[in-house]
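Beneath this line is the structure, given in structure tokens, with notes to follow.
Below, chains carry the letters A, B, ... as their sequence lines are ordered, and counting in each starts from 1.
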Number of protein chains: 2
Amino acid sequence: MTPDTLAILMISSGGNWSPAKWKSRLVTACPGRPVMLLPDDAADPARVRYAAVWKPERGALARLPNLEIVFNLGAGVDALLADPAFPRHTTLVRVADQDLTNRMSEYAVFHCLRYHRRHRMLEAAQARGEWLAPDQWAANAVRVGVMGLGVIGSDAATKLKIMGFDVAGWSRTPKSLDGIACFHGPAGLDAFLARTDILVVILPLTPDTRHILNRALFSRLARDGVLGGPILINAGRGGLQNEADVLACLDDGTLQGATLDVFETEPLPADSPFWRHPKVDVTPHNAADTDPDEISRYVARQIAAFEAGRGLANVVDLSTGY
Amino acid sequence: MTPDTLAILMISSGGNWSPAKWKSRLVTACPGRPVMLLPDDAADPARVRYAAVWKPERGALARLPNLEIVFNLGAGVDALLADPAFPRHTTLVRVADQDLTNRMSEYAVFHCLRYHRRHRMLEAAQARGEWLAPDQWAANAVRVGVMGLGVIGSDAATKLKIMGFDVAGWSRTPKSLDGIACFHGPAGLDAFLARTDILVVILPLTPDTRHILNRALFSRLARDGVLGGPILINAGRGGLQNEADVLACLDDGTLQGATLDVFETEPLPADSPFWRHPKVDVTPHNAADTDPDEISRYVARQIAAFEAGRGLANVVDLSTGY
């Protein structure tokens, strides 16, 4: 029998993200398609042509002999590619739908505005009952630098620009975005960092980017901006940051503040100094919560396009890891 | 001698907003033009053709017999028109430059995102050291209603839409904005309010709009939205809101929260219950701080355009008061 089944492989998780709910959604999104949960459902592994996965058990995908396409149910594929048994002959597709993209841009714009509009200072003034209107510059006085200019980073950079910020971007390979100074590669990094007051990081985690956010990088950020010191906003992956360096740089003033959505260990351990650090805002890896219904429809659309010979979008290049 | 002088009339204020600094900026912006401070500078009132004003002494403008054009150094002209001796034969121009407009949009987008992204809840979770990722909907699940669709309100509505919110607008007269449901007049108010989760108010203060933000209006806002109850963001004028109603509606749940930049009395008195109300965010009338250098250049550009016969922009209609 021709392989036609969509298998779901994921770590067990609660609430909206439970495997059973994913199955029910994908059944609805893919009418007529056999959908099974692995390893729960008894099924012939040879019938599996597609897999929808989130941090599956290591080695599990390698046991599906006719697997052709793997849909990662999130934007970052670093956890998946860390499995040495990942079947590299398959096509790996990641989620980069408009919903996820919009949410990441919301996060970037919100947190940049929060620093720019001096909201912490205003909150503290309110708590004291003090009518304190500090100097307020226009957004174009603030230089935001977006690291990572894929679909998501480009959208964030464009929206930050629309909000008035002076935006630049940096990416591994050359990109071009309207009204945004684009830098690329190791050679472009210095100039990019030197004109950045707020660094917004939306990079994938790859062997090249692990711990790219370290003291050497922070110390190259602009120090002459209106904000009084550089700010880090990491909405990419925890593995991008050297956390000891982040803390030390906050403490010695190399960084003025950090908003972190991602951490080397998640959930962030109770004894992490980030929780109560006065210069750190912690968010619980929810910068771009994805809507499981949207993702299910996205997977269904991609399968339909593939079977109609129209090809797949957002295919991961296994040589670069994103 | 032909009247040619630009006179500055304003309440004395400190820092960047001192009359002396305005004089120096306007001298720079208008080379060759006589610029005087009234009442400080000894000068012939008959030579004054233009006035740049911010809350001038009542009756002061009426003493300038050849005054033709009054530039209000802010967007709201309500304080000026409250002077019964305001010379109504003059042309009144208000500031509505891109800088001020951008800043108001920053405020609107920031505070809408703050509610939408549940930032208060996330801050409280961080303070407890709790990794709590509450359900997060997409911005298009949140219905923002912008009251006031002049230059500033239209820009705010457009940027809120770009950020993904489901945006509608309401104005006294009909307007049309791409992708934004526009309602108008008393007849359109009910339908507008009934689909509004976050009400962003950027109205001018006129006899028609005084205390328009009252219990009757709040009780018509949507109650079926994802936010769990309606939110008020007032960035217009304090006189728009009945403050006793705002407080009572927050306390009985008719409003879920309020972000107020403006108040009936400013600075907000130390004994105001707004300061420490758990559902209120107070900002110190700085939603759209204007850049005095930008405004000075704006006045200079307008005078140059007027003298070249190209007319004036942002002229106030004295019959409507904005």
With only heavy atoms counted, which part of A:Arg117 is less than 4.5 Å from chain B, the side chain, the backbone, both or neither? side chain

Please classify the contact of A:Tyr107 with chain B as side chain, backbone, both or neither, using a heavy-atom distance under 4.5 Å. both

One should read off an interatomic distance between A:Gln136 CD and B:Thr283 OG1, to the nearest 0.5 angstrom, of 10.5 Å

Measuring from A:Trp275:CH2 to B:Glu130:CD, what's the distance to the nearest 0.5 Å? 8.0 Å

Can you classify the ring geometry of A:Phe263 versus B:Trp131 as parallel (below 30°), tilted (30 to 60°) or perpendicular (above 60°)? perpendicular

First locate atom OG of B:Ser105, then atom CG of A:Leu113, and finally report the distance between them rounded to the nearest 0.5 Å. 10.5 Å

Can you check salt bridge (Lys or Arg N to Asp or Glu O under 4.0 Å) on A:Glu106 and B:Arg114, steps first, answer last? CA-CA 10 Å; A:Glu106 292 171 14; B:Arg114 192 155 168 275; over 6 Å; no

Exam field: side chain B:Gln126 to backbone A:Val280, donor-acceptor pair closer than 3.5 Å: yes

What option among B:Thr290, B:Thr158, B:Val109, B:Asp155 has the most heavy-atom pairs under 4.5 Å with chain A? B:Val109

Which bit of A:Asp99 comes within less than 4.5 Å of chain B, counting heavy atoms only: side chain, backbone, both or neither? side chain

Select one option (side chain, backbone, both, neither) describing which atoms of A:Ala133 are under 4.5 Å from chain B's heavy atoms. both

Is atom CG of B:Asp224 surrounded by more than 12 heavy atoms (other residues, nucleotides or ligands) closer than 6.0 Å? yes

Per-residue contact mode, B:Leu100 against chain A (heavy atom under 4.5 angstrom): neither

Dump the intermediate steps for side-chain contact (heavy atoms from CB on, under 4.5 Å) on A:His119 and B:His111, then the final yes or no. CA-CA 10 Å; A:His119 195 68; B:His111 286 283; 3.7 Å; yes

Measure distances from B:Asp289 to the heavy atoms of chain A and classify the residue's part below 4.5 Å as side chain, backbone, both or neither. side chain

Between A:Leu132, A:Val282, A:Asp291, A:Asn286, which shows the greatest number of heavy-atom pairs under 4.5 Å with chain B? A:Val282

Would you mind checking which part of B:Asp281 comes under 4.5 Å of any heavy atom in chain A, side chain (CB onward), backbone (N, CA, C, O), both or neither? both

Taking the side chain as every heavy atom from C-beta outward, state whether A:Pro284 and B:Leu122 have any pair of such atoms under 4.5 Å apart. yes

A:Glu294 versus chain B, the contacting section by heavy-atom distance below 4.5 Å: neither

Highest number of heavy-atom pairs under 4.5 Å with chain A among B:Pro134, B:Gly164, B:Cys112, B:Ala138 belongs to B:Ala138

Max heavy-atom pairs within cutoff under 4.5 Å with chain B, candidates A:Ala127, A:Ala288, A:Ala270, goes to A:Ala127

Any heavy-atom pair between the side chains of A:Asn140 and B:Asn102 that's under 4.5 Å? no

